[in-house]
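Everything below concerns the one structure shown next.
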Amino acid sequence: MNKELIVVLDFGGQYKQLIARRVRENHVYCEIHPYTLPFEELQAMQPKGIILTGGPDSVYEEDALSYDPRLFSMGVPVLGICYGSQLMAYELGGKVTPAPHSEYGHVEVSVKSEESSLMRDWPEETSCWMSHTDRIEEAPEGFRITASTKECPIAGMENPEAGLYAVQFHPEVIHTPEGYRIFRNFVYDICGCSGDWKMDSFVKTTIQEMREKIGDGKVLCALSGGVDSSVCAVLLSKAVGKNLTCVFVDHGLLRKNEGDEVEAVFGPDGPYELNFIRVNAQDYFYEKLKGVDDPEQKRKIIGAEFIIVFEKEAKKIGAVDFLAQGTIYPDVVESGIGKGATIKSHHNVGGLPDHVDFKEIIEPLRNLFKDEVREVGLELGIPEKLVYRQPFPGPGLGIRIVGDVTEEKVRIVQDADAIYREELEKAGVDMGKGQFFAALSNMRSVGVMGDHRTYDYAVVLRGVLTSDFMTAEAAEIPWNVLQICMNRIINEVPGVNRVLYDLTSKPPGTIELE
């Protein structure tokens, strides 16, 4: 699929995925690449525009992250954000110094919108999100200043003749209300994009590409029943039909009754043309996780054992040419494959061990964000209930149980989670705007039930609202609804005598507990 491309060069910015998503929201394809990407490779991509992310370094330090200075004269528009703006100023002869006072959070910005192509139609005064300790003190020759704050004399600068634009603040976060205009103006007015990145085209092209690639080959798909693997399976079903076998490994760490629900949708009585195999491996996984309480170790064990179970099933099936996975773009970026630091490992990223006998891995959703995957699902006619199913981590309840995993703990969190989501649905709480689930802490405390002293676990209820899953705020669930959940969980779920509600936002926390 030939498409216009915007390249994001990552200098360690925490919001790099948000930048890419903001570009794609304008129907322009965008990829994130590390700052180590060779200049010749960047040129060969023929991007319509380039965006430089923020980062923790100071550009004037000896070991600061940098890039080939030819970037700024290659004739492609460049937008620098935060560290990217300072790097642009520094490399082109401007002056970057430590700021007398750091700016973090909401800051009032004065904008000269009539002099700016990037901030055209902005109000003269607006709130933006800042996060910096250095500042541009002098702009390079040829640049005009387009924005400033009390502490930052150059919060925006432009050299339209050279196609160079920079802002000190973060337009990609929701805390900068006018930020979306920057990306729209950059990709359309400055880069001249037409906006050809649309999911209906993606579906048609991807199905055709998979037909051509796979031919008469046999495909094995790792199906979890989540949105990503389900959309992947249906795409492949449309492309190769009965040449596709979907293996659903039930590791015993799913939500209550979810294994049966997955079988009802994709099994022989379902609407899709594919071969479905369910592997009940609950006891196997419980044994492998016995006594393991480190969350990263649990992730790795679940991922590794999943591959072992999957491989055993593959050998029973016979010769298979391709393995399909529902890997999506955030999995790839967060796993740090060529993109910088690892935030967390993902069990379906990074390839398979050498002894696994497949010709090639197929990941048709690898370049999509979650909201784009949902769009693809709707384009394919997958029921909305499945498309908008609450997000669920690959390691499942293994990382929603703090500490070691046991069958009893799994039962506790499954029952508590089912009650929680049932009561939220009854109360009309919109769960489609975030993620809502119950988790199990490793805290046990004294309680009184009837005339008896108890010493049981505390369940943690989590509810966050987010548009991108990169930042999130705790949902304000009505107090009476939380009380109903608490009463039901304590009374109906043996082993629980306390219920907590997690108010932590992301950052500083993560959405999952582990």
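To the nearest 0.5 Å, atom CD of residue Q390 and atom CZ of residue R421 are 7.0 Å apart. For the atom pair CG (L253) and CG (L289), the distance works out to 6.5 Å, reported to the nearest 0.5 Å. Note that CE of M210 and CG of L244 are 9.0 Å apart. Values are rounded to the nearest 0.5 Å. C485 SG to L424 CG: the interatomic distance, rounded to the nearest 0.5 Å, is 5.5 Å.
By the 6.0 Å contact criterion, OH on Y501 is enclosed, its count of non-hydrogen atoms from other residues, nucleotides or ligands being greater than 12. For CD of E31, the number of neighbouring non-hydrogen atoms (other residues, nucleotides, ligands) closer than 6.0 Å is greater than 12. Heavy atoms from other residues, nucleotides or ligands lying under 6.0 Å from CG of D216 number 12 at most. Heavy atoms of other residues, nucleotides or ligands lying less than 6.0 angstrom from NZ of K290 number 12 at most. For E425, the CD atom sits in a loose shell: 12 or fewer heavy atoms of surrounding residues, nucleotides or ligands are nearer than 6.0 Å. Within 6.0 Å of the CD atom in E476, the count of heavy atoms belonging to other residues, nucleotides or ligands does not exceed 12. Taking a 6.0 Å sphere around CD of E384, one finds it holds 12 or fewer heavy atoms contributed by other residues, nucleotides or ligands. Within a 6.0 Å radius of CD in Q46, other residues, nucleotides and ligands contribute 12 heavy atoms or fewer.
In terms of modelled atom types and a separation under 3.5 Å, the side chain of E492 and the main chain of I489 share no donor-acceptor contact. S441 contributes a side-chain N or O that, together with a main-chain N or O of A458, makes up a donor-acceptor pair within less than 3.5 Å. Although no hydrogens or angles enter the test, the distance criterion places no donor-acceptor pair under 3.5 Å between the side chain of T454 and the main chain of D456. Side-chain atoms of D10 come within 3.5 Å of backbone atoms of G13 as a donor-acceptor pair (strictly under, hydrogens ignored). No donor-acceptor pair closer than 3.5 Å links the side chain of K48 to the backbone N or O of E4. R444 contributes a side-chain N or O that, together with a main-chain N or O of Y455, makes up a donor-acceptor pair within less than 3.5 Å. Remark: the backbone N or O of V446 is paired with a side-chain donor or acceptor of R498 at under 3.5 angstrom.
A cation-pi arrangement is found for R24 relative to Y329, the charged atom lying closer than 6.0 Å to the ring centre and inside a 45° cone about the ring normal. Cation-pi geometry between R22 and F183 is not met at under 6.0 angstrom from the ring centre and within 45 degrees of the axis. Figure legend: R462 and F437 shown without cation-pi pairing, the cationic atom not lying both under 6.0 angstrom from the six-membered ring centre and within 45 degrees of its axis.
Side-chain contact between I19 and T53: present, with at least one pair of heavy atoms (C-beta onward) separated by less than 4.5 Å. At a threshold of 4.5 Å between non-hydrogen side-chain atoms, the residues L9 and Y67 count as touching. Taking 4.5 Å as the limit, every side-chain heavy atom of I50 sits out of range of all side-chain heavy atoms of L79. Two residues are said to be in side-chain contact when any heavy atoms from C-beta on lie closer than 4.5 Å; V499 and I490 meet this criterion. Counting heavy atoms from C-beta outward, F276 and E263 have side chains that approach closer than 4.5 Å. For the pair R488/Q483, no side-chain contact is recorded, criterion being any heavy-atom separation below 4.5 Å from C-beta on.
Side chains of T504 and D502: a donor on one and an acceptor on the other come within 3.5 Å. In this model, no donor atom of one side chain and acceptor atom of the other lie less than 3.5 Å apart for Q325 and S229. E172 and Q17 form no side-chain donor-acceptor contact under 3.5 Å, judged by distance and modelled atom types alone. Side-chain contact annotation: Y180 with E25, donor-acceptor N/O pair under 3.5 Å absent. For the residue pair T327/R366, the side-chain donor-acceptor check at 3.5 Å is not satisfied.
Applying the side chain to side chain contact (heavy atoms under 4.5 Å, CB included) test between L235 and each of I362, I382, V376 identifies V376 as the sole match. Between K409 and the choices T406, V413, V405, the side chain to side chain contact (heavy atoms under 4.5 Å, CB included) rule is met once, by T406.
Aromatic pair F248/F266: ring centres not closer than 6.0 Å. Checked against a 6.0 Å centroid threshold, the rings of F11 and Y83 count as neighbours.
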Check the pair E473 / T466 against side-chain hydrogen bond (donor to acceptor under 3.5 Å, both in side chains), numbers first and verdict last. CA-CA 7 Å; E473 298 292 337; T466 178; over 6 Å; no
